[in-house]
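Have a look at the structure below, then the notes.
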Protein chains: 2
Amino acid sequence: MKVKHYVDVPGCPVEVTLDLIDGRWKGVVLFHLLDAGCLRFNELHRRVPGITARLLTKQLRDLEEADLVSRTVYAVVPPRVEYRVSEEGESLRPIVEMLSKWGEARLERQRTKQAATHARRTVSRNS
Amino acid sequence: MKVKHYVDVPGCPVEVTLDLIDGRWKGVVLFHLLDAGCLRFNELHRRVPGITARLLTKQLRDLEEADLVSRTVYAVVPPRVEYRVSEEGESLRPIVEMLSKWGEARLERQRTKQAATHARRTVSRNS
DNA sequence: CAGTATCCCTGTAGATACTG
DNA sequence: CAGTATCTACAGGGATACTG
């Protein structure tokens, strides 16, 4: 169990939140669960390419422990495990949406900048 | 230079944003810069207790490279270096504010739950 | 004041193989 | 299908000492 010393940083609840969606993957996992409502392990895995099963498992366990995601196991063959956001996880929706929107805008800005740079280069070539 | 393969994860701009405020400290640093407007290195250091100078430097360099923070050096003795959020960093304000608000609410929920647990324990002791 | 330089250690994550 | 197990490697970050 990872208990941190938030006593040291009384003025920064930002850290509390970031700690939960930390590590590059958790936010993405939440995003997809919020988007899809409910996903089985491999469905989720397909939506988060690049992550290994081991790591995805760990992220899900962390999110579960943080009470942001719930895990339901059905006793069938083949196994069926469903993940969905908890009520507390649901309350993160606006944040995750803003993160997504901002990320899109950032990518757009980068594309624009790159295009501008390319244009300038082309111009200077012609001058 | 850290260039990531976002080609792999086309559907998730959440990752783009999280990548920038990743790592437990960057969000906190941004929070304080957004809050204070402008801070010198040691002023900032005082507001982020627990971080080493080395690491704070690294976080600031990363934020600078991401174009979220600007760094101004004054050629005086003793040295004076000021950090402030860039225009792009400023656009993160609503997100950082939500992270902060949500973190506060979460802490509040935890306190409430803990108090309830304690009360129950006390009751069961008396019964 | 605002950092570097060095050393070292741990955790995090990748690859691969295996299982109820 | 939904994961574990094991081994390994590297980078992130801590402690400490030093500097323009």
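Per chain, numbering begins at 1; letters A, B, ... match sequence-line order.
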**Asked** Hey, are the side chains of B:Leu56 and B:Thr52 touching, using non-hydrogen atoms and a 4.5 Å cut-off?
**Response** no
**Message:** Here's a test for you: under side chain to side chain donor-acceptor pair (under 3.5 Å), which of B:Glu64, B:Arg71, B:His32 qualifies with B:Tyr83?
**Reply:** B:Arg71
**Item:** Pair of N/O donor and acceptor under 3.5 Å linking D:dG13 base with B:Arg54 side chain
**Value:** yes
**B:Ile51 or A:Leu60, whichever maps to the more 5' nucleotide of DNA chain D** = A:Leu60
**Asked** How is A:Tyr83 classified with respect to the nucleic acid when contacts are heavy atoms under 4.0 Å: base, sugar-phosphate, or nothing?
**Response** sugar-phosphate
**Request:** Take atom NZ of B:Lys58 and atom C1' of D:dG12, then tell me their distance rounded to the nearest Å.
**Result:** 8 Å
**Request:** May I ask you to check if B:Arg93 and A:Trp102 form a cation-pi contact, with NZ or CZ under 6.0 angstrom from the six-membered ring centre and within 45° of the axis?
**Result:** no
**Message:** Which residue is it: B:Glu82, B:Arg80, B:Arg40? I am looking for the one with a side chain to side chain donor-acceptor pair (under 3.5 Å) to B:Tyr74.
**Reply:** B:Glu82
**Prompt:** Between C:dA15, C:dG3, D:dC1, which nucleotide gets closest to the side-chain atoms of A:Asn42?
**Reply:** D:dC1
**Asked** Does B:Thr117 reach the main-chain N or O of B:Lys113 with its side chain, forming a donor-acceptor pair under 3.5 Å?
**Response** yes
**Prompt:** Starting at CD of B:Glu64 and ending at C1' of C:dA2, how long is that distance when rounded to a whole Å?
**Reply:** 13 Å
**Complete:** Any stem touching DNA chain C, meaning at least three consecutive Watson-Crick or G-U pairs under 3.5 Å, ordered by first number, would be C:1-20 with D:1-20
**Message:** Test your reading of the model: is there a side-chain donor-acceptor pair from A:Thr17 to the backbone of B:Gly103, 3.5 Å cut-off?
**Reply:** yes
**Prompt:** Counting side-chain heavy atoms from C-beta on, which of D:dC1, D:dT4, C:dT4 comes nearest to A:Thr57?
**Reply:** D:dT4
**Prompt:** So, is A:Arg80 near the phosphate of D:dG3, with a side-chain N or O under 4.0 Å from OP1 or OP2?
**Reply:** no
**Prompt:** For B:Arg46 and B:Arg61, take the nucleotide of DNA chain C holding the closest heavy atom to each; which residue's nucleotide lies nearer the 5' end?
**Reply:** B:Arg46
**Message:** Between A:Lys58 and A:Asp62 (salt bridge meaning N to carboxylate O under 4.0 Å), is one present in this structure?
**Reply:** yes
**Prompt:** What nucleotide, of C:dG3, D:dA2, D:dG14, holds the atom closest to the side chain of B:Leu55?
**Reply:** D:dG14
**Message:** Looking only at the side chain of B:Arg40 (C-beta and beyond, no hydrogens), which of the listed nucleotides C:dC1, D:dT4, C:dG3 gets closest?
**Reply:** C:dC1
